Amino acid sequence: MRAALMFLGAVVGVSLLGPVGANAQKARGAGPFDGVYAVDVYTQSGACDRVFRWTIQVVGGRVSTHGDGFVQASGLVTDKGAVSLAFRRDSQVANVAGRVRSGAGSGTWSSPTMQCAGSWRAARVS
């Protein structure tokens, strides 16, 4: 259960933020939603932990986990604030969707492999 929670937090956290490196940032330029975000993940169905908090980073619109590499994230935050990501760890997968605007964001997540789903909220902290 704890591993699923950590994975889920990383999934949603990574879905919003994550260092990608200076070269990627230079190649794409700074995005309007770049920054570090605190993300609260809420499970509304399934046996995953009910609440989890994660910190993520967005660089050049690309998202990855902030300081943690145990989850593989692929996705981005568009210049209009649409969030679309998929996260994988071993055989676990979670899909994240939503929107970021004015330093805050929200959306939904679901995992067919963990059989859980819910929502997330994020606020930019830097």
Side-chain angles (χ1 to χ4, degrees):
M1 186 63 75
R2 190 69 166 152
L5 172 64
M6 290 182 69
F7 171 72
L8 176 59
V11 166
V12 174
V14 171
S15 64
L16 277 187
L17 314 170
V20 176
N23 291 337
Q25 186 173 10
K26 287 178 187 175
R28 288 200 69 205
F33 301 103
D34 287 4
V36 175
Y37 293 76
V39 181
D40 293 318
V41 179
Y42 306 97
T43 298
Q44 294 157 331
S45 68
C48 296
D49 289 341
R50 292 293 170 218
V51 179
F52 190 76
R53 176 163 268 214
W54 201 262
T55 303
I56 58 170
Q57 180 179 359
V58 176
V59 175
R62 296 196 181 269
V63 179
S64 66
T65 234
H66 188 242
D68 193 328
F70 75 97
V71 172
Q72 295 295 320
S74 68
L76 54 87
V77 178
T78 69
D79 287 344
K80 295 187 182 213
V83 175
S84 177
L85 305 160
F87 296 91
R88 293 179 179 11
R89 179 176 182 228
D90 300 325
S91 63
Q92 297 174 333
V93 177
N95 301 302
V96 178
R99 182 157 301 279
V100 178
R101 40 176 101 86
S102 301
S106 63
T108 60
W109 67 270
S110 64
S111 174
T113 57
M114 293 184 291
Q115 299 182 353
C116 296
S119 61
W120 59 267
R121 293 191 187 280
R124 189 180 322 197
V125 295
S126 69

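The structure presented is a predicted model; accordingly, all values stated were derived computationally and were not measured. Position 1 is the first residue of the sequence, and the numbers go up from there.
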Checklist entry - Any sub-3.5 Å donor-acceptor pair from Trp120's side-chain atoms to Ala97's backbone N or O? => result yes

Checklist entry - So, Thr108 side chain and Gly118 main chain: donor-acceptor pair closer than 3.5 Å or not? => result no

Checklist entry - If every non-hydrogen atom of Ala122 is compared with every non-hydrogen atom of Val39, which pair is closest and at what distance? => result CB-CG2, 3.9 Å

Checklist entry - At their closest point, which heavy atom of Asp49 faces which heavy atom of Thr43, and how far apart are they? => result O-OG1, 2.7 Å

Item to check | Backbone of Cys116 reached by a side-chain donor or acceptor of Ser45 within 3.5 Å | outcome: no

Item to check | Polar side-chain atom of Asp40 near backbone of Arg121 as donor-acceptor pair, under 3.5 Å | outcome: no

Item to check | Side-chain heavy-atom pair Phe33, Thr78 within 4.5 angstrom cut-off | outcome: no

Checklist entry - OG/Ser84 to CZ/Arg99 distance, rounded to the nearest 0.5 angstrom? => result 11.0 Å

Item to check | Audit row: Ser119, Gln44, side-chain contact (heavy atoms from CB on, under 4.5 Å) steps and yes/no | outcome: CA-CA 7 Å; Ser119 61; Gln44 294 157 331; 3.2 Å; yes

Checklist entry - Ignoring hydrogens and geometry, is there a side-chain-to-backbone donor-acceptor pair from Asp79 to Gly31 under 3.5 Å? => result no

Checklist entry - Hey, does Asn95 have a side-chain heavy atom less than 4.5 Å from the side chain of Trp109? => result no

Next on the checklist: Please report the interatomic distance OH(Tyr42) to OG(Ser106), rounded to the nearest 0.5 Å.
Outcome noted: 10.5 Å

Checklist outcome for this item: Of all heavy-atom pairs linking Arg124 and Asp34, the shortest is NH1-O, 3.1 Å

Next on the checklist: Looking at every heavy atom in both Ser111 and Met114, which two are closest together, and how far apart are they?
Outcome noted: OG-N, 3.0 Å

